[in-house]
Amino acid sequence: MKRRDWAALGILLVVVLACGAPPAPTPTALPTVTPIPPTLTPVPFDTGWQSLGNGMEARRLRVELGETVDRLWIARVDPALARFRVLYNPADARTVRSWFDSLGADKAAQPRLVVNAGYFTPEKAATALVVSDGARSGQSYVGFGGMFFVGGGQVGVRSLSAQPYSAGEALDQAVQSFPMLVQPGGLPAVVDDQGQSARRTVVGQDRAGRIVFVVSAQPIFTLNRLSAFLAASDLDLDAALNLDGGTSSGLWYADQVGNISGIDSWVGVPAVIVAEPEITGGR
């Protein structure tokens, strides 16, 4: 290298050292993304309420959660126009459809509804209090759970922690289960469900006093998600109780001309709730 080239290189090094090395680019912080949990969204498929006669109505509502879609079976019964019974026979557990058929051919053209009731043991005995036509079986839950009941001129769904069961109550029919999904007043319940989804059966009472049944045939709901969905829905629920779900979930109904529809349980259940036309003389 010639002397003048060395001199030029020296001048360049002096300039670079005086100015400093070019600053490293400042890394751009990536935006923080908060995961949004999937939400259960009613989509445009709703039959609306279809009359079955005698204060009974049925409805199908499509819901979706991610890629899972279900069409809920929903029924609503006015206690002033229909009567309720609890049928219980641990020695002869049947599917919900079989219970429905057992009501008899003479009722083929009458509106009626049958839905599975509460939890039971492997021996088909109810795990809590059941009252069937005044006959009591099992022991009441204490401090938790809820009860569907008929007695003292009332039909309702109540929390057993807010309104405990009393052995002296005049009950004609009753089913206990857990947990409460909508607390009295329409508030969603906080449920420790460990994130497990399953088929579900619900009995509730709306603010007009009607008894509402909801059955999810697909394992789309955790209990917490179901609680939030029910409280926010247009069912106008004042209270709602989780009944036995999974393989036990089932609901069958008939209208006043004998058309039947429903979703059957996968196993025999020892107890069901029945709604049928009111009989003169009371429940």
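Side-chain rings of F148 and F84 approach one another, their centers coming within less than 6.0 Å.
The shortest heavy-atom contact between Q205 and V157 is OE1-N, 3.2 Å. A pairwise comparison of heavy atoms in A231 and G186 identifies CB-O, 3.8 Å as the closest pair. For the residue pair W99 and V114, the shortest heavy atom distance occurs at CB-CG1, 4.1 Å. For the pair F120 and G268, the tightest heavy-atom approach, listed with the atom from each and the gap, is CZ-O, 3.9 Å. What you find for R199 and D264 is that their closest heavy atoms are NH2-O, 3.5 Å. The shortest heavy-atom contact between R158 and Y165 is NH2-CA, 3.4 Å.
Here L241 contributes atom CG and Q183 contributes atom CD; the two are 10.0 Å apart, rounded to the nearest 0.5 Å. One finds the CG atom of L61 at 8.5 Å from the OG atom of S233 (value rounded to the nearest 0.5 Å). L113 contributes atom CG, which lies 6.0 Å from atom CZ of F213 (distance to the nearest 0.5 angstrom). In this structure, the separation between CZ on R85 and CD on Q173 is 6.5 Å, given to the nearest 0.5 Å. A distance of 8.0 Å separates CZ of F45 from CZ of R62, quoted to the nearest 0.5 Å. One finds the CZ atom of R225 at 12.0 Å from the OG atom of S216 (value rounded to the nearest 0.5 Å).
Under the 4.5 Å side-chain heavy-atom criterion for Ile, Leu, Val, Met, Phe, Trp and Tyr, V86 and V131 are members of distinct hydrophobic clusters. Under a hydrophobic clustering in which Ile, Leu, Val, Met, Phe, Trp and Tyr are joined whenever their side-chain heavy atoms come within less than 4.5 Å, directly or via other members, Y119 and V115 fall into different clusters. Hydrophobic clustering (ILVMFWY, side-chain heavy atoms < 4.5 Å, transitive): V63 and V202 are in one cluster. In the hydrophobic cluster analysis, where Ile, Leu, Val, Met, Phe, Trp and Tyr join through side-chain heavy atoms closer than 4.5 angstrom, L237 is grouped apart from L187. Hydrophobic clustering, with ILVMFWY side chains joined whenever heavy atoms are under 4.5 angstrom apart, groups I220 together with L235.
Within a 6.0 Å radius of CD in Q50, other residues, nucleotides and ligands contribute more than 12 heavy atoms.
A cation-pi arrangement is present between R112 and F100, with the terminal nitrogen or guanidinium carbon under 6.0 Å from the aromatic centre and inside a 45° cone about the axis.
Between the side chain of T201 and the backbone N or O of L243, no donor-acceptor pair lies under 3.5 Å. Between the side chain of Q110 and the backbone N or O of P277, no donor-acceptor pair lies under 3.5 Å. No donor-acceptor pair closer than 3.5 Å links the side chain of S265 to the backbone N or O of G250.
For the side chain to side chain contact (heavy atoms under 4.5 Å, CB included) with I211, the qualifying choice from I273, V150, V155, D206 is V155, the only one to do so.
Using a cut-off of 4.0 Å between Lys/Arg side-chain N and Asp/Glu carboxylate O, R200 and D70 are scored as not salt-bridged.
Looking at D255 and P111, their side chains never come closer than 4.5 Å, going by heavy atoms from C-beta outward. Under the 4.5 Å side-chain criterion, counting only non-hydrogen atoms from C-beta, T127 is in contact with T121. Between L171 and M147 there is a side-chain heavy-atom pair separated by less than 4.5 Å. Contact annotation: the side chain of W49 approaches that of R76 to within less than 4.5 Å [non-hydrogen atoms, C-beta and beyond]. Contact annotation: the side chain of I260 approaches that of R97 to within less than 4.5 Å [non-hydrogen atoms, C-beta and beyond]. Counting heavy atoms from C-beta outward, L181 and L223 have side chains that approach closer than 4.5 Å.
For the 3.5 Å distance criterion, the side chains of N116 and S248 fail to qualify, holding no donor opposite an acceptor. For the residue pair Y88/D133, the side-chain donor-acceptor check at 3.5 Å is not satisfied.
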- Yes or no on salt bridge (Lys or Arg N to Asp or Glu O under 4.0 Å) for R59 and D234, after CA distance, side-chain angles and deciding distance? CA-CA 12 Å; R59 178 182 178 188; D234 65 0; 3.1 Å; yes
- Does the pair F229 and L72 meet the rule for a side chain to side chain contact (heavy atoms under 4.5 Å, CB included), with working shown? CA-CA 12 Å; F229 175 77; L72 303 181; 3.7 Å; yes
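Relative orientation of the F178 and F144 rings is perpendicular, given thresholds of 30° and 60° on the angle between their planes.
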